[in-house]
Peer 1: 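Okay, handing you the structure first.
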Amino acid sequence: MIDSFVDLLIKYGIAKTDWGQKTIPAHTTLLYEGDVADNLYFIHSGALRLWHNDDGKDITFQFFFENQIVASYESFYLEKPSLFSIEAIEDTELLLLKKATLETFLQNNPALMRIVMNQLSERFIAYTEYFLSRIKESPEKRYISLKEHDPQLIKRVPDHYIASFLGITPVSLSRIKTRIK
């Protein structure tokens, strides 16, 4: 949970004054593709999506909700332009931590490094599962799996973003939904 994770970071020396706060309305871009990510975000309330523009085609890679950590990790870690944009799906309240602040604390605290590595490992596992499902399963099976395993996503995320996540058009998603009713 965000409160316990944030409390844990505070326990290891990151003071509440080291955190920034940000509130963004739905449909606001937090990070643009091509910008360098220098913040790690913690969602207090709301929802975000990580997406890529592939020659005008919107490809959603992941959704994030309350109590999750969000960044374009490759950009954040390597200090290079992001391959992804991060956009609010709903009005969203965030805590943010600057990269320099986090790095300072990680260098001085191996226990904190393990905690952050666990968070990154969970993200890597989610990516692996996503890519394998894109290879192994049909869009219909992926949608059914989403309904079964992540009903909040189905309830909170607009269909056109779900279609983008599944790699299909909104019309194809509509047909799938009709077929499985």
Peer 1: With respect to Leu166, which candidate in Ile176, Thr60, Leu146 satisfies the side chain to side chain contact (heavy atoms under 4.5 Å, CB included) definition?
Peer 2: Leu146

Peer 1: Would you give the length of the straight line joining atom NE2 of His27 to atom CD1 of Ile89, rounded to the nearest 0.5 angstrom?
Peer 2: 9.5 Å

Peer 1: Kindly give the heavy-atom pair with the smallest separation between Leu48 and Leu30, and that separation in Å.
Peer 2: CD1-CD2, 4.1 Å

Peer 1: Given 3.5 Å as the limit, does a donor-acceptor pair link the side chain of Ser75 with the main chain of Lys80, or not?
Peer 2: yes

Peer 1: Linking I/L/V/M/F/W/Y whenever any side-chain heavy atoms sit under 4.5 Å apart, do Leu78 and Val36 land together?
Peer 2: no

Peer 1: Could you walk me through whether Leu94 and Phe42 pass the side-chain contact (heavy atoms from CB on, under 4.5 Å) check?
Peer 2: CA-CA 6 Å; Leu94 303 159; Phe42 302 88; over 6 Å; no

Peer 1: Side chain of Glu87, backbone of Leu50: donor and acceptor closer than 3.5 Å?
Peer 2: no

Peer 1: Does some side-chain heavy atom of Ser85 sit less than 4.5 Å from a side-chain heavy atom of Asn53?
Peer 2: no

Peer 1: Considering all heavy atoms of both residues, which atom of Gly46 and which atom of Ile43 are nearest to each other, and what is their separation?
Peer 2: O-CG2, 3.7 Å

Peer 1: Decide, yes or no, whether a salt bridge links Lys99 with Glu79 under the criterion of side-chain N to carboxylate O below 4.0 Å.
Peer 2: yes

Peer 1: Quick check on the 6.0 Å ring-centre criterion: do Trp51 and Tyr161 meet it?
Peer 2: no

Peer 1: Can you find a pair of side-chain heavy atoms, one from Glu33 and one from Asp35, that are under 4.5 Å apart?
Peer 2: no

Peer 1: According to a 4.5 Å side-chain heavy-atom criterion applied to Ile, Leu, Val, Met, Phe, Trp and Tyr, with indirect links allowed, do Ile180 and Ile168 form part of one hydrophobic cluster?
Peer 2: yes

Peer 1: With Lys177 as the cation and Tyr143 as the aromatic partner, state whether NZ or CZ is under 6.0 Å from the six-membered ring centre and within 45° of the axis.
Peer 2: no

Peer 1: Looking only at atom types and distance, does a side-chain atom of Arg49 sit under 3.5 Å from a main-chain N or O of Ile86, one as donor and one as acceptor?
Peer 2: no

Peer 1: Can you see whether Asp58 engages Ser164 through a side-chain donor-acceptor pair at a distance of less than 3.5 angstrom?
Peer 2: yes

Peer 1: If we ignore hydrogens and angles and just use 3.5 Å, is the side chain of Thr101 paired with the main-chain N or O of Leu97 as donor and acceptor?
Peer 2: no

Peer 1: Does Ile69 share a hydrophobic cluster with Phe124, counting links as ILVMFWY side-chain heavy atoms below 4.5 Å and allowing steps through other members?
Peer 2: no

Peer 1: Quick check for you: to the nearest 0.5 Å, what is the distance between Asn108 atom CG and Thr104 atom OG1?
Peer 2: 7.0 Å

Peer 1: When you measure from the side chain of Asp54 to the backbone N and O of Lys57, does any donor-acceptor pair fall under 3.5 Å?
Peer 2: no

Peer 1: Measuring from Leu31:CG to Ser72:OG, what's the distance to the nearest 0.5 Å?
Peer 2: 6.0 Å

Peer 1: So, for Phe63 and Val157, which heavy atoms are closest and what is the spacing to 0.1 Å?
Peer 2: CE2-CG1, 3.5 Å

Peer 1: Can you name the nearest heavy-atom pair linking Ala126 to Gln62, along with the distance?
Peer 2: CB-NE2, 3.5 Å

Peer 1: Under a 4.5 Å cut-off applied to non-hydrogen side-chain atoms, are Asp38 and Phe76 in contact?
Peer 2: no

Peer 1: Is it possible for you to say whether Tyr77 and Val70 belong to one hydrophobic cluster, with membership spreading through side-chain heavy-atom contacts below 4.5 Å?
Peer 2: no

Peer 1: Any heavy-atom pair between the side chains of Ile162 and Ile154 that's under 4.5 Å?
Peer 2: yes

Peer 1: What I want to check is whether the side chains of Ser172 and Thr169 have a donor and an acceptor closer together than 3.5 Å.
Peer 2: yes

Peer 1: So does Pro151 get a backbone contact from the side chain of Arg156, meaning a donor-acceptor N/O pair under 3.5 Å?
Peer 2: no

Peer 1: With side-chain contact (heavy atoms from CB on, under 4.5 Å) as the criterion, how do Gln68 and Tyr41 come out once you've worked through the C-alpha distance, each side chain's angles and the decisive distance to 0.1 Å?
Peer 2: CA-CA 8 Å; Gln68 291 185 308; Tyr41 298 98; over 6 Å; no

Peer 1: Between Glu103 and Lys98, is the closest basic N to carboxylate O distance under 4.0 Å?
Peer 2: no

Peer 1: How far apart are the closest heavy atoms of Asp91 and Pro25, and which atoms are they?
Peer 2: OD1-CA, 3.3 Å

Peer 1: Hey, any chance Leu83 and Phe64 share a hydrophobic cluster, counting ILVMFWY side chains that come within less than 4.5 Å of each other, even indirectly?
Peer 2: yes

Peer 1: Would you check if the side chain of Thr92 reaches a backbone N or O of Ala88 as a donor-acceptor pair within less than 3.5 Å?
Peer 2: no

Peer 1: Measure the shortest side-chain to side-chain distance between Arg179 and Glu140 over non-hydrogen atoms and say whether it is less than 4.5 angstrom.
Peer 2: yes

Peer 1: For Glu129 and Ile125, what are the C-alpha separation, side-chain angles and deciding distance, and is it a side-chain contact (heavy atoms from CB on, under 4.5 Å)?
Peer 2: CA-CA 6 Å; Glu129 290 171 352; Ile125 291 165; 3.6 Å; yes

Peer 1: Mind listing the closest non-hydrogen atom pair of Leu95 and Trp19 along with its distance?
Peer 2: CB-CE3, 4.0 Å

Peer 1: Test your reading of the model: is there a side-chain donor-acceptor pair from Thr29 to the backbone of Tyr32, 3.5 Å cut-off?
Peer 2: no

Peer 1: Heavy-atom distance under 4.5 Å between the side chains of Arg114 and Pro110, does that happen here?
Peer 2: yes

Peer 1: His44 vs Glu66, test: side-chain contact (heavy atoms from CB on, under 4.5 Å). Steps then yes/no.
Peer 2: CA-CA 5 Å; His44 179 67; Glu66 290 80 5; over 6 Å; no

